[in-house]
**Q** 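Below is a structure I'd like to ask you about.
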Amino acid sequence: PGQDEREIFKDLLKELLEISNIVFTTINSSGNFIFDSLKHNISHLIIDESSQCYEIQCLLPLRLLPDKVILIGDPSQLPATTFSDFSLRTKFNIGLFERMIDNGYPYIMLDTQYRMNNEICSFPSSQFYEAKLKTHYLTIEKDKHYKWIDEVKSHYFNSKSSVFVNVNGITKNENTSFCNYYEIDMILKILSFFPVSNYCNIGIISPYKHQCVEIRRIFQTMNINDIVVNTVDGFQGKEKEIIIISLVKSLNNANTKENVSFINDSKRMNVTITRAKHLLITIGNRNVVSSANNWNDFIYHIEENNSLINE
């Protein structure tokens, strides 16, 4: 567009801003020059998913001097993404939301969740939310209407909604990531329990990118197109009726245990195990992943509920 067209567009945006009661924008776009032309005060600034924002990002909308600021987020799930070790050490990935809570600022916890059934919800509630999470009654009611899932649970998973399938596989190192073909074989076996018509209700999560790449490759050769396969970060904010988790880490080719520090991250784990609505199937090497404190607690919880399946 020419110079005149750009000026017309700017004037139009300014006019729309002045007559709008509510303005939606990304946090980075709130730093756009167009907001400098606002002639009236902003009464309320609401920053959603604020625990995923860098602290410095919050300065962009705060420069507009709103009368009140409302931060919404979950500091127990994934923080802002940073790829620098120095940034992690200096806590650059901690947002304003989490820093305020860590410094004793009062907050309101929304304690009712609408996704998971009670059995799936019980562990993350006790491990990450001080056992304060409640399941909405409509979510409990909806859980009763998935007969095809109940049939699979009854036949293969002791009628449990959250199970751990113990697989003694081999971890293969692929550059900077990992894969485990034993666990992929187990995924294929589990998928055979379900009607193909319901594959669109299934999601697969792995902490490791190469495992996701290999699963997608094998699915493509089998013409399986309806199942979402992604890393933990890629599944943030998403949900499925059934989630299959592949933890990957097992014994390596030298028959020694793999390092599990990456999967032990509490926030990453919390995201992983809270994506399923009705059935959560976790696949891993029990002896290896239990050396990670959070997963050891999870396996203890699984064993207490008689939900450990040895293959």
Side-chain angles (χ1 to χ4, degrees), residues 1-84 86-88 90-115 128-129 133-134 136 138-139 203 228 230-240 267-268 270-271 274-275 277:
Q3 184 69 29
D4 291 341
E5 290 175 323
R6 286 197 293 267
E7 290 302 322
I8 292 172
F9 181 68
K10 289 179 184 178
D11 292 339
L12 179 60
L13 282 180
K14 291 177 183 178
E15 184 177 341
L16 287 173
L17 273 178
E18 287 302 329
I19 64 174
S20 297
N21 292 319
I22 302 174
V23 177
F24 292 88
T25 180
T26 63
I27 195 161
N28 287 336
S29 294
S30 67
N32 192 289
F33 71 92
I34 199 69
F35 288 97
D36 297 336
S37 64
L38 274 177
K39 297 177 182 177
H40 57 76
N41 290 340
I42 295 176
S43 61
H44 293 76
L45 169 66
I46 302 173
I47 305 179
D48 193 17
E49 298 290 0
S50 59
S51 56
Q52 292 186 59
C53 301
Y54 300 116
E55 190 166 12
I56 198 168
Q57 280 181 302
C58 291
L59 297 180
L60 291 172
L62 288 176
R63 73 188 179 85
L64 302 174
L65 303 178
D67 296 333
K68 293 184 179 179
V69 178
I70 301 170
L71 303 179
I72 302 173
D74 185 348
S76 296
Q77 298 210 358
L78 293 181
T81 302
T82 178
F83 300 100
S84 163
F86 178 77
S87 295
L88 290 173
T90 55
K91 299 185 177 181
F92 181 73
N93 63 322
I94 294 179
L96 178 63
F97 186 94
E98 187 171 357
R99 194 179 299 276
M100 290 175 71
I101 291 178
D102 289 346
N103 283 279
Y105 201 87
Y107 64 93
I108 299 171
M109 177 179 174
L110 303 179
D111 59 7
T112 302
Q113 64 90 20
Y114 297 81
R115 175 184 298 148
F128 305 117
Y129 300 102
L133 281 187
K134 303 171 187 174
H136 193 270
L138 286 178
T139 303
V228 177
N230 218 328
T231 59
V232 180
D233 298 65
F235 240 102
Q236 169 102 332
K238 299 181 177 66
E239 60 186 30
K240 285 287 182 180
K267 296 182 179 183
R268 182 163 271 102
N270 189 21
V271 171
T274 55
R275 301 303 98 194
K277 294 182 180 180

**Q** Could you check whether any side-chain heavy atom of Y107 comes within less than 4.5 Å of a side-chain heavy atom of L71, counting everything from C-beta outward?
**A** no
**Q** Does I108 CD1 have over 12 foreign heavy atoms under 6.0 Å away?
**A** no
**Q** Closest approach of S30 and R63, non-hydrogen atoms and distance?
**A** O-NH2, 3.2 Å
**Q** Nearest 0.5 Å please: distance from the OG1 atom of T231 over to the CD atom of Q236.
**A** 10.5 Å
**Q** Are there more than 12 heavy atoms of other residues, nucleotides or ligands under 6.0 Å from atom CG of L88?
**A** yes
**Q** Working note: L17 + K14, criterion side chain to side chain contact (heavy atoms under 4.5 Å, CB included); need CA distance, chi angles, decisive distance, verdict.
**A** CA-CA 5 Å; L17 273 178; K14 291 177 183 178; 5.7 Å; no
**Q** Is there a side-chain contact between K267 and P79, using heavy atoms and a 4.5 Å cut-off?
**A** yes
**Q** To the nearest 0.5 Å, what is the distance between OG1 on T274 and CG on D74?
**A** 8.0 Å
**Q** Looking at L138, I'd like to know if its CG atom is crowded, meaning that more than 12 non-hydrogen atoms belonging to other residues, nucleotides or ligands lie closer than 6.0 Å.
**A** yes
**Q** Taking L96 as the fixed residue, which of L59, L62, I101, I47 is the one that meets the side chain to side chain contact (heavy atoms under 4.5 Å, CB included) rule?
**A** L62
**Q** Would you say V23 and F35 make side-chain contact, with heavy atoms under 4.5 Å?
**A** yes
**Q** Heavy atoms, side chains only, cut-off 4.5 Å: are N41 and P66 in contact?
**A** no
**Q** Mind running salt bridge (Lys or Arg N to Asp or Glu O under 4.0 Å) on R115 and E239 for me, showing each step along the way?
**A** CA-CA 8 Å; R115 175 184 298 148; E239 60 186 30; 2.7 Å; yes
**Q** Hey, could you give me the OG/CE distance between S51 and M100, rounded to the nearest 0.5 Å?
**A** 13.0 Å
**Q** Any side-chain heavy atom of E55 sitting closer than 4.5 Å to one from F92?
**A** no
**Q** Are side-chain heavy atoms of H44 and D67 found at a separation under 4.5 Å?
**A** no
**Q** I'd like to know if the side chain of N270 and the backbone of S76 have a donor-acceptor N/O pair within less than 3.5 Å.
**A** yes
**Q** Check this for me: I22, atom CD1, are more than 12 non-hydrogen atoms of other residues, nucleotides or ligands nearer than 6.0 Å?
**A** no
**Q** Output the distance between atom CD1 (I42) and atom CG (L65), rounded to the nearest 0.5 Å.
**A** 8.5 Å
**Q** Taking all non-hydrogen atoms of both residues into account, name the closest pair between Y114 and T112 and its distance.
**A** CE1-O, 3.5 Å
**Q** With a 4.5 Å cut-off on side-chain heavy atoms, are L45 and L64 touching?
**A** no
**Q** Apply side chain to side chain contact (heavy atoms under 4.5 Å, CB included) to L78 and R268, showing your working.
**A** CA-CA 6 Å; L78 293 181; R268 182 163 271 102; 4.2 Å; yes
**Q** Quick one: list whatever passes side chain to side chain donor-acceptor pair (under 3.5 Å) with D48, sequence neighbours left out.
**A** none
**Q** Would K39 and E18 count as a salt bridge (Lys or Arg N to Asp or Glu O under 4.0 Å) here? Give the steps.
**A** CA-CA 7 Å; K39 297 177 182 177; E18 287 302 329; 5.9 Å; no
**Q** Test M109 against Y129 for side chain to side chain contact (heavy atoms under 4.5 Å, CB included), laying out the working first.
**A** CA-CA 10 Å; M109 177 179 174; Y129 300 102; 3.9 Å; yes
**Q** In Å, rounded to the nearest 0.5 Å, how long is the span from CD1 of I8 to NZ of K10?
**A** 12.0 Å
**Q** Minimum heavy-atom separation for F97 to P75, with atom names?
**A** CE2-CD, 3.2 Å
**Q** Please evaluate residues Q52 and Q77 with respect to the criterion side chain to side chain contact (heavy atoms under 4.5 Å, CB included), reporting the C-alpha separation (whole Å), side-chain torsions for both, the decisive distance (0.1 Å), and the verdict.
**A** CA-CA 9 Å; Q52 292 186 59; Q77 298 210 358; over 6 Å; no
**Q** State, yes or no, whether a side-chain contact exists between N28 and Q57 at a heavy-atom distance under 4.5 Å.
**A** yes
**Q** Going from CD1 on I27 to OG on S50, what distance comes out if it is rounded to the nearest 0.5 angstrom?
**A** 8.0 Å
**Q** If you look at every heavy atom in R275 and F235, which pair is closest and at what distance?
**A** CD-O, 3.4 Å
**Q** Heavy atoms only: give me the nearest T82-S87 pair and the separation to one decimal.
**A** OG1-CB, 3.3 Å
